[in-house]
Amino acid sequence: MTPPSEGPSAGTRNRTIFSTPSDRELVITRTFDAPRSLVWAAFTDPKHLPNWHTGPEGFTMPVCEIDLRPGGSWHYVWRNRQGREFGAAGTYREVDPPKRIVYVTSVNGEEQTSTTRFTEENGRTVVTSSMLFASKASRDRGLPYAKIGTESNYARLDAYLAHDEHDLEHDENK
């Protein structure tokens, strides 16, 4: 077990905290300056996700398919500057809007379960993502990529929520 560490954005108002509470787990916690309903929409609506969930600088998300229901699936494809594409997919096990999502992915033939919780405190939303890997080796292989991608994504989400808050609010009322 390692103590929580802060990502590269340490020193900013909203820091990303990474911890490994057991040999197979990774927990990522971040607070966003927006109400839970808006953060939930940003995480679950395929119209919003490609605007911030693109990983390191220079990547885009040309495919974002979400069937948000228990038993439904998601499929994302990212493209780097050289045009190379990388994909990921998973199946939702639990969906409890706007509080919690549990989904399963297969990475290199190993199953990984992820639980994302959204908690609102005074108009700000704490997002806690817990990932349970098949083994310590799998977690350790994924940790550097998770840190880089998550930091980039969450910094972009901060800006997206601040800039597009009204559009997200409008979408929530549909």
Any side-chain heavy atom of [X] sitting closer than 4.5 Å to one from [Y]?
| X | Y | answer |
| --- | --- | --- |
| Tyr76 | Ile66 | yes |
| Lys99 | Glu94 | no |
| Val95 | Tyr103 | no |
| Asp158 | Asp33 | no |
| Met131 | Ile28 | yes |

Calculate, to the nearest 0.5 Å, the distance between atoms [atom1] and [atom2] belonging to [X] and [Y] respectively.
| X | Y | atom1 | atom2 | result |
| --- | --- | --- | --- | --- |
| Asn14 | Thr29 | CG | OG1 | 12.5 Å |
| Thr150 | Phe18 | OG1 | CZ | 5.0 Å |
| Tyr160 | Leu49 | OH | CG | 9.5 Å |
| Leu157 | His53 | CG | NE2 | 9.5 Å |
| Gln112 | Ser138 | CD | OG | 8.5 Å |
| Leu68 | Trp74 | CG | CH2 | 12.5 Å |

Query raised in the report: Do Trp52 and Ile148 belong together in a cluster built from hydrophobic side chains that touch within less than 4.5 Å?
Result: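 No; tracing contacts between hydrophobic side chains, which count when under 4.5 Å, never links both residues.
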Query raised in the report: Taking a hydrophobic cluster as the set of Ile, Leu, Val, Met, Phe, Trp and Tyr residues connected by side-chain heavy atoms closer than 4.5 Å, whether directly or through intermediates, do Met61 and Phe43 fall within one such cluster?
Result: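 Result: yes, single cluster for both.
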Query raised in the report: Given the side-chain rings of Trp78 and Phe59, with only the six-membered ring counted for Trp, is the space between their centroids under 6.0 Å?
Result: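 For Trp78 and Phe59, the ring centres are not under 6.0 Å apart.
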Query raised in the report: For the residue pair Tyr154 and Phe32, does the interplanar ring angle fall in the parallel (under 30°), tilted (30 to 60°) or perpendicular (over 60°) class?
Result: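 Ring orientation, 0 to 90° scale: perpendicular.
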[X] versus [Y], closest heavy-atom pair with distance:
| X | Y | value |
| --- | --- | --- |
| Asp140 | Pro144 | O-CD, 3.3 Å |
| Glu85 | Pro62 | OE2-CG, 4.1 Å |
| Pro56 | Ser152 | CA-OG, 3.7 Å |
| Thr105 | Ala89 | CG2-O, 3.3 Å |
| Glu120 | Arg36 | OE1-N, 3.0 Å |
| Leu161 | Leu38 | CD2-O, 4.1 Å |

So, does [X] use its side chain to make a donor-acceptor pair with the main chain of [Y] at under 3.5 Å?
| X | Y | result |
| --- | --- | --- |
| Asn153 | Thr54 | yes |
| Thr125 | Ala34 | yes |
| Arg139 | Asp23 | yes |

**Report entry** Exceeds 12 heavy-atom contacts within 6.0 angstrom, atom OH of Tyr145
**Finding:**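 No - once you tally the heavy atoms of other residues, nucleotides and ligands closer than 6.0 Å, there are 12 at most.
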Query - Set of salt bridge (charged side-chain N to carboxylate O under 4.0 Å, His left out) partners for Glu65, sequence neighbours left out - result: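 With neighbours one apart ignored, the set is empty.
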Report task. Give the C-alpha distance, both sets of side-chain angles, the deciding distance and a yes or no for salt bridge (charged side-chain N to carboxylate O under 4.0 Å, His left out) between Arg93 and Glu111. Result -> CA-CA 13 Å; Arg93 287 213 170 138; Glu111 190 172 276; 3.7 Å; yes
Query raised in the report: Between Arg117 and Thr128, do the side chains contain an N or O donor and an N or O acceptor separated by less than 3.5 Å?
Result: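 Judged by distance alone, the side chains do not pair up.
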